[in-house]
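Report on one structure; see the data block that follows.
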Amino acid sequence: MPQSETERLLEERLIRQGISVEREVEATRIVPDSTGADVVLVRPDGRKEDVRAEWLIGCDGAHSTVRHVLAIPFAGETLRSDWFLADVHMSGYPRPDTDASIYWHEEGVLLIFPIQAGRYRIISDLPATAGSTPPTPTLDQVQQLVNKRGPAGTKLNDPVWLSGFRINGRKVASYRQDHTFLAGDAAHIHSPAGGQGMNTGMQDAINLGWKLALVIRGDADKALLDSYSPERSAVGDAVLKAAERLTAVATICNPVAQRLRNLAGHLALGLTHFTRGVAETMSEVDVHYPNSPLNGPHHGGLVPGARVAPVEGYPSAGSGPRPLFVLFGARDPGVEQLLKMYPDLIDGNVRPALQDDVISLVRPDGYLACSASDIEAVSAYLDRLTSPS
Ligand SMILES: Cc1cc2nc3c(=O)[nH]c(=O)nc-3n(C[C@H](O)[C@H](O)[C@H](O)COP(=O)(O)OP(=O)(O)OC[C@H]3O[C@@H](n4cnc5c(N)ncnc54)[C@H](O)[C@@H]3O)c2cc1C
């Protein structure tokens with residue numbers, strides 16, 4: 001699905017919740033401090049607005065002003081090769097519209113991803129040129145490269161987007177400083193080989209969103225926010241490493257190593273188990289938080305920090321407009337009492353147990369918070385979450 005379509009759907013959902021996105025409003029001055037931030041906003045007509053915010057989220061992209069103001073290093077490297085990306089229409093392409101394909105040629109790699117009926121994304125590497133940005137390719141140049149590296153008889157037309165880019169792998173060490181957070185490309189950028197940039201950024205926002213909402217509403221202690229950076233930084237590290245690995249394998253130059261890679265690739269990509277693993281990694285449904293400071297007690301089955309897949313017939317945790325924890329387990333008097341104690345923290349709709357005789361508490365973002373044989377352990381977990389530290 002094209003990123004513009006994802007953005008349209010998200011914006012429509014925001015509008016349905018009564019929130020509008022104010023485009024072309026620029027934060028020209030940002031002064032964060034230990035309790036919030038002073039920000040100057042400039043509107044499209046030039047009007048200025050001074051804002052004092054208790055919390056600030058820098059989701060302002062790879063060149064993040066917020067990151068620069070905080071002087072947080074964006075450590076990493078830029079690869080010494082040029083790449084291009086072309087969203088085009090194609091005819092005569094021999095592969096089904098459901099398959100992504102990698103073409104390994106001795107001069108470089110060519111990747112073809114179907115986007116919509118007849119529309120594809122082509123990514124390929126080229127020898128590095130001088131200058132800070134690689135040139136934008138023409139449709140003719142892309143066609144020549146497809147002729148050389150890709151399937152025969154494929155005809156490109158109607159380009160939607162052509163661009164040249166360099167691959168950066170960079171990340172901040174900490175996603176938070178006092179009352180200011182970083183999320184998305186402001187915190188991590190990497191090779192688009194795995195197509196995970198936007199997903200990773202959206203998961204940052206989901207992870208931070210429910211925690212900030214509970215803290216602002218007074219339903220959880222501020223300490224809840226301490227888990228944002230360790231949880232998401234670990235995911236950022238893993239995504240960067242996977243993208244680096246994929247890029248390194250795709251751009252091997254040594255002819256012997258190329259032959260070995262091609263053979264191993266053919267074998268592995270023919271295995272359903274392997275391709276399912278790749279799909280789970282790329283879609284990020286395999287993301288989990290095994291070392292999170294938020295993980296509570298464990299009693300059999302899924303371990304805290306694991307993702308709880310949506311249960312058929314029940315909406316997934318976090319799918320409602322308010323962030324709520326969800327209980328899975330028997331509806332005994334202890335559970336009723338807990339629901340009464342925390343009506344703004346736990347969904348009143350208790351789901352059937354994930355495992356016999358186990359009470360599981362699932363976070364608003366769908367990850368297991370804790371599991372126990374008795375409700376007291378769950379209650380103690382929630383007491384810790386809500387009591388001032
Ligand atoms: C060539 C290429 C291909 C890609 N392909 C994929 C893909 O297939 N799948 C995928 O998931 N990801 C892909 N990505 C990555 C994806 O585009 C990014 O990860 C994603 O857009 C990051 O979102 P973001 O909101 O963090 O940052 P951005 O999309 O950069 O948004 C930041 C926003 O902040 C605004 N802003 C910046 N400074 C200020 C300021 N001072 N005041 C106000 N506003 C400001 C900007 O105008 C912008 O609207 C690709 C990226 C590239 C370059």
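For the single chain, residues carry numbers from 1 onward in sequence order. Any value given below was found using the heavy atoms of this structure, including those in side chains, with hydrogens, waters and symmetry copies removed. First listed ligand is number 1; within each ligand, the first listed atom is number 1. Every value quoted in this text rests on a predicted model; they were computed, and no experiment measured them.
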Fill in: All side-chain contact (heavy atoms from CB on, under 4.5 Å) counterparts of T98, not counting sequence neighbours
P96
Practice prompt. State the CD1-NE2 distance between I189 and H63, to the nearest 0.5 angstrom.
Written response: 7.5 Å
Worksheet entry | Pair D33-T35, side-chain hydrogen bond (donor to acceptor under 3.5 Å, both in side chains): steps then yes or no | CA-CA 6 Å; D33 56 46; T35 59; 3.3 Å; yes
Worksheet entry | Minimum-distance protein heavy atom relative to atom 29 (O) of ligand 1 | Q3 NE2, 4.7 Å
Discussion item. Side chain, backbone, both or neither: which applies to T65 and ligand 1 if a contact is any heavy-atom pair less than 4.0 Å apart?
Written reply: side chain
Discussion item. Please give me the minimum heavy-atom distance between S229 and Y175, naming the atom from each residue.
Written reply: OG-N, 2.9 Å
Worksheet item: Under 4.0 Å from any heavy atom of G184, which atoms of ligand 1 are there?
Response: 26 (O)
Worksheet entry | Protein heavy atom at shortest distance from atom 30 (O) of ligand 1 | G61 CA, 3.5 Å
Worksheet item: Purely on distance, is any nitrogen or oxygen of A27 under 3.5 Å from one on ligand 1?
Response: yes
Discussion item. Judged on heavy-atom distance to atom 25 (O) of ligand 1, which of G201, C59, G58, G164 sits nearest?
Written reply: C59
Practice prompt. Apply side chain to side chain contact (heavy atoms under 4.5 Å, CB included) to Q116 and E5, showing your working.
Written response: CA-CA 11 Å; Q116 280 169 339; E5 188 60 10; 5.5 Å; no
Discussion item. Below the 3.5 angstrom mark, is there an N/O of A62, backbone or side chain, next to an N/O of ligand 1?
Written reply: no
Worksheet item: F325 vs Y381 aromatic rings, parallel, tilted or perpendicular, using cut-offs 30° and 60°?
Response: perpendicular
Item to complete: Would you mind checking which non-hydrogen protein atom is closest to atom 39 (C) of ligand 1, with the distance to 0.1 Å?
Response: D60 CB, 4.0 Å
Worksheet, complete the sentence: for atom 12 (N) of ligand 1, nearest protein heavy atom and its distance come out as M198 N, 3.2 Å
Response to the item:
Note: ligand 1 atoms sitting under 4.0 Å from heavy atoms of V25 are 43 (C)
Fill in: Shortest reach to atom 1 (C) of ligand 1 by a heavy atom, considering only D204, L85, V69
L85
Worksheet entry | Sequence neighbours excluded - salt bridge (charged side-chain N to carboxylate O under 4.0 Å, His left out) pairs with any residue from residues 269-295 | none
Worksheet item: Within the structure, does at least one protein heavy atom fall under 4.0 Å of atom 46 (C) of ligand 1?
Response: no
Discussion item. Please work out, at 4.0 Å between heavy atoms, whether the side chain, the backbone, both, or neither of T28 comes within that distance of ligand 1.
Written reply: neither
Practice prompt. Please determine if R121 has a nitrogen or oxygen closer than 3.5 Å to a nitrogen or oxygen of ligand 1.
Written response: yes
Discussion item. So does S371 get a backbone contact from the side chain of H299, meaning a donor-acceptor N/O pair under 3.5 Å?
Written reply: no
Discussion item. Starting from atom 9 (N) of ligand 1, what is the nearest protein heavy atom, named by residue and atom, and what distance separates them?
Written reply: G195 O, 3.3 Å
Worksheet item: For ligand 1, which atoms, with element, lie under 4.0 Å from some heavy atom of N199?
Response: 11 (O)
Discussion item. Are L368 and R307 packed together at the side-chain level, in the sense that at least one heavy-atom pair is separated by less than 4.5 angstrom?
Written reply: no
Fill in: Contact check: D185 vs ligand 1, nitrogen or oxygen atoms, below 3.5 angstrom
yes
Worksheet item: Does the side chain to side chain contact (heavy atoms under 4.5 Å, CB included) test come out yes or no for F84 and V142, once each step is laid out?
Response: CA-CA 9 Å; F84 75 73; V142 180; 3.7 Å; yes
